[in-house]
Structures are given as structure tokens and as C-alpha cells.
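Notes follow once the structure below has been shown.
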Amino acid sequence: MDNSVRVRFAPSPTGPLHIGGARSALFNWLLARRYGGSMIVRIEDTDLERSSRESEENILNALNWLGIDWDEGIQKGGEHGPYRQTERLDTYREAAQRLIEQGHAYHCYCTEEEVEAERQACMERGELPRYLGKCRDLSEEERLKLESEGRKKVVRFKVPENENVIVQDLVRGNVVFESNGIGDFVIVKSDGIPTYNFAVVMDDALMGITHVVRGEEHLSNTPRQLVLYKALNLKTPTFAHVSLILGKDRSKMSKRHGSTSIEAYQNQGYLPEALVNFLVLLGWSPEGEQEIFTLQELVQQFSLDRVAKNPAVFDVDKLNWINGHYIRQSPPERITDLAIPFLREAGYITGEIDQQTFEWLKLIVISVQEKLAFVAQITDHVRLYFDDHVTMESEEAAMVLKDDDIPGVMAEFRRKVSEAEELTPEGTKAILKSLTKELKLPGKKVYMPIRVALTGQTHGPELFYIIPVLGRDRILVRLAQTVGV
Ligand code: GLU
């Protein structure tokens with residue numbers, strides 16, 4: 001591969017961008033960037049009923065969010081446009097006409113019921129369900145008769161007989177299909193719209209695509225595309241079919257295994273670089289043991305020879321682990337920005353966030369940042385800061401406050417907090433230190449009771465965060481409530 005590499009991502013806008021599509025987009029993008037080639041994004045919207053502009057937008061937004069950009073294509077333009085298939089209908093129409101004239105394709109007048117009955121009959125005979133070519137050799141007379149009956153017609157491609165069609169695949173090696181198993185397939189539907197297999201061939205060829213990297217679910221389409229390339233006398237790109245993504249139970253990835261759309265992860269506070277890192281490992285394996293990769297490292301290292309043939313397993317625990325890593329590495333300001341909508345939704349904050357409030361929220365975030373696998377989880381960790389009605393979470397917590405030393409410790413703590421000018425994490429550390437020193441008690445005998453008195457819990461964020469977050473007034477309220485000082 002070199003800088004003449006031209007790859008594409010060609011989504012059908014029939015729903016949001018899914019994990020599998022995002023992985024295809026990423027693999028193509030990495031190849032383009034690695035070899036200094038071009039990435040093209042084309043919208044395959046020939047399924048008029050299921051395609052929508054809303055889905056198209058969702059897909060493009062998700063790509064942008066992931067940091068996958070493109071050099072040419074939808075929204076970007078370029079020399080090979082338009083990049084939306086419904087805007088290229090003339091191109092397909094002309095090509096179909098040419099194929100008919102050259103005897104590579106023909107009009108078929110069979111009804112859907114007739115076609116279906118034939119498929120069923122094939123299956124009953126233990127053959128691959130396919131169209132057997134009834135309309136292949138209609139005489140002009142027969143054709144006119146069918147036309148006069150007002151029958152709908154499609155254009156079918158005449159698949160050459162008795163040939164082996166070989167997909168030379170960079171991931172899977174040579175995959176051989178018998179042409180007789182394919183059956184003459186539709187290339188233009190009765191409404192004049194091309195089918196996927198036809199449009200994709202025209203576009204990949206006309207857009208100068210050198211490598212087609214896509215999911216394994218398209219492998220069975222590829223022999224159809226190969227016979228079309230040949231008939232159209234177009235240059236065939238190199239194919240690479242990336243394995244399916246399965247759930248942990250080895251069944252096809254579905255909602256049962258976790259969200260499948262990229263947007264769902266974005267909405268839960270996953271970070272784009274974490275998702276990219278996770279997606280690349282669905283099928284590609286690096287040389288060493290490294291699992292965390294920057295985009296730059298991926299661009300330097302990604303290659304198709306380390307893309308596996310066997311299925312990739314979608315493991316949400318791994319995604320959470322990777323995302324947790326990136327959250328811990330992120331500046332707290334970034335996580336705070338992401339956390340605000342979740343805190344609002346939970347009812348913990350309302351109204352405008354001024355600078356002071358932001359700083360306060362940032363401290364809250366810092367106190368729990370290392371515990372988060374994704375930002376939405378923050379609401380589970382921060383209740384203690386917002387609910388001034390402290391309840392003991394357990395018998396064990398209540399017991400902590402029964403010790404004989406407690407009234408003395410609490411009174412002293414109260415005094416120090418009341419006197420402190422400002423409660424910062426550093427200042428708090430100093431207060432706690434002087435407290436243990438003056439009371440001549442081990443840290444444990446001081447910190448745990450204070451924690452329980454302020455939160456009702458024996459665990460949680462560091463005390464030197466809890467105290468500044470609560471601030472003096474709320475600390476005094478809580479102490480009065482739980483230990484009566
Ligand atoms: N439009 C197809 C899809 O979304 C893409 C097929 C291809 O990459 O050739 O599945």
C-alpha cells in the first residue's frame with residue numbers, strides 16, 4: 001500500500017452508527033492516514049424506505065465525535081461526487097442500459113410471488129435459493145406481451161454460468177464461490193433505483209477506491225460485485241472482510257450484549273479516544289502486549305495483516321476498563337463538563353453554573369474521577385455530597401460512632417472546622433493531621449468517625465475532598481445531626 005490508497009466508508013443511513021460500522025470506518029481511516037492516502041465517505045441511501053437524513057446526520061456526527069475525518073465525500077465534496085447515491089441515479093441508469101445492450105443484463109417481469117416460489121422450489125431440491133433465469137431469453141414478442149399487461153420490470157444481471165468466482169481477500173485469503181449458486185440478481189429495481197450490489201460497484205470504481213475494507217456480512221455479496229466489475233470492464237479493488245463482532249456468549253452482537261450505537265456510548269459519558277482504542281482491538285491485534293494506544297500510535301502501527309479472521313468478541317468490561325483509563329488521564333475540567341448534564345438530570349444541580357460552582361463541581365469530580373468507568377456513573381458516587389440528611393448505611397457505620405473517644409474527637413473537629421478560614425484539600429489535610437497529633441490518637445480513630453459522621457458511610461472519596469466540598473456550614477449541620485456536637 002502507498003499514498004495512492006483510496007478507501008471509503010459507505011454507510012447506509014438506515015439507523016444510527018453502530019459499533020460494527022464504526023469499526024469499519026476506523027480501519028479504513030487508519031489505512032488512509034497510515035499510508036497518506038484518501039478517506040472517502042459516501043452515503044448509500046438506495047433503500048428509500050429505510051434511509052433518512054436523520055440517520056445520515058447521526059452517522060456523520062458520530063464519525064466526527066470519534067475523530068474520524070475524511071478528505072472527500074459527503075459534506076466535503078471532491079472530484080468524484082455527488083457522494084450520495086440517490087444523487088447519482090443517472091450514472092447507474094446509463095450503466096444498466098449499457099449492460100442490457102451488451103447482453104449482460106435483461107429486463108425481468110416476474111412477480112415477487114413467482115420469484116419467491118422459485119426460491120422455495122430450489123430449497124426443496126436442496127439447492128441454493130436463487131432466480132433461475134426465466135426472463136433471460138424472452139423473445140421480443142413475449143416481452144411486449146408482458147409489457148402490455150402492465151407488469152413491473154426489474155433489471156437482472158446475467159451471471160455467467162459454470163465459473164468459479166474467487167474473492168482474493170486480504171484477511172481471509174482466497175474465497176471461492178460457484179457462479180451457478182448466485183442466480184441472476186436484480187441490479188435495478190422496478191422503481192428505477194439500483195440495488196446495493198450494483199451501486200456499490202459503480203461507485204467504488206468511479207471513485208477510484210483501491211481497497212474495500214468492510215464487515216464479513218458483506219462477503220457473500222462480493223462474488224456478485226466481482227461479476228459486475230468484469231462485465232462493466234471496471235478495475236476491481238482489493239477486498240478485506242473484517243470478521244463479525246460477537247457478544248461474550250458468541251452469538252451475534254446485539255442489544256442484549258450492551259448498546260450497539262456509538263451515540264449511546266457518547267450519551268453515557270464514554271470518551272471518543274477510549275471507544276476508538278476499544279474498536280481497533282475488535283479484530284486487530286498489535287504486536288506486543290500493549291492495549292492502550294493513542295490515535296497517533298494506531299496510525300503508525302495499524303495494518304491489515306494483523307487483522308484476525310476469527311470473530312471479535314465485544315466485551316463491555318474491557319471497554320469500561322479502557323474508558324476508565326482515559327477518564328483518569330483526562331483533565332478534571334473535561335470530566336466536569338461531561339458530568340454536569342448527569343448531575344442536572346439527577347437533580348443535584350440546577351440553574352446556571354458560574355465559575356465558583358464549576359470549581360466546586362470540579363472538586364467533586366476529582367474526588368471520584370478514578371472510580372468512574374463512564375461519566376454517567378458519577379451520580380452513583382456523589383449522593384453523599386448532596387443529601388444533607390445523613391443516614392447510617394449499616395450497623396457497622398453506626399458502631400463507629402459509639403466509641404468513647406467520639407465526643408472529644410468531634411468537638412475538636414468541629415472547633416477546627418469552625419475556625420478555618422478556608423477549607424481546601426491541603427488545608428483539610430493539615431487540620432486532620434493536627435487533630436490526630438493533638439488528640440494523640442491513631443489516624444484511623446479520627447478519620448473513620450469523621451467520615452461516618454459526615455456521610456453515614458465507611459467508604460467513599462478521600463476525606464480531604466469531602467470536607468472542602470461540603471464546606472463549613474453543611475459540615476456543622478451534619479455533625480449536629482449525627483453526633484450532636
Ligand atoms: N452500505 C453498506 C452498509 O452500510 C456498505 C457496504 C460496503 O461497505 O460495501 O452495510
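Just so you know, ligand 1 is whichever comes first in the structure, and atom 1 is the first atom listed for that ligand.
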Looking at every non-hydrogen atom in both residues, tell me the closest pair between T294 and Y326 and how far apart they are.
N-OH, 4.5 Å
In terms of atom number and element, which parts of ligand 1 are under 4.0 angstrom from non-hydrogen atoms of V200?
9 (O)
Angle class for the H107/Y109 ring planes (parallel below 30°, perpendicular above 60°, tilted otherwise)?
tilted
Ligand 1 versus Y196: contacting region, heavy-atom distance under 4.0 Å
side chain
Which word best sums up how the rings of F314 and Y265 line up, parallel for under 30°, tilted for 30 to 60°, or perpendicular for over 60°?
tilted
List every atom of ligand 1 that sits less than 4.0 Å from any heavy atom of E44, numbering the atoms from 1 in the order shown and giving each element.
1 (N), 2 (C), 5 (C), 6 (C)
shortest atom 8 (O) of ligand 1-to-protein heavy-atom contact is with R8 NH1, 2.6 Å
For the residue pair F157 and H104, categorise the inter-ring angle as parallel (less than 30°), tilted (30 to 60°) or perpendicular (more than 60°).
parallel
So is A10 polar-close to ligand 1, meaning N/O to N/O under 3.5 Å?
yes
Would you call the rings of Y229 and F239 parallel, tilted or perpendicular if under 30° counts as parallel and over 60° as perpendicular?
perpendicular
Ring pair (Phe, Tyr, Trp, His ring centres under 6.0 Å), that's the test. Do W29 and F9 meet it? Break it down for me.
CA-CA 8 Å; W29 183 87; F9 178 53; over 10 Å; no
What part of P11, side chain from CB on, backbone N/CA/C/O, both or neither, has a heavy atom under 4.0 Å from ligand 1?
backbone
Quick look: H218 vs ligand 1, heavy-atom contacts under 4.0 Å, and the answer is side chain
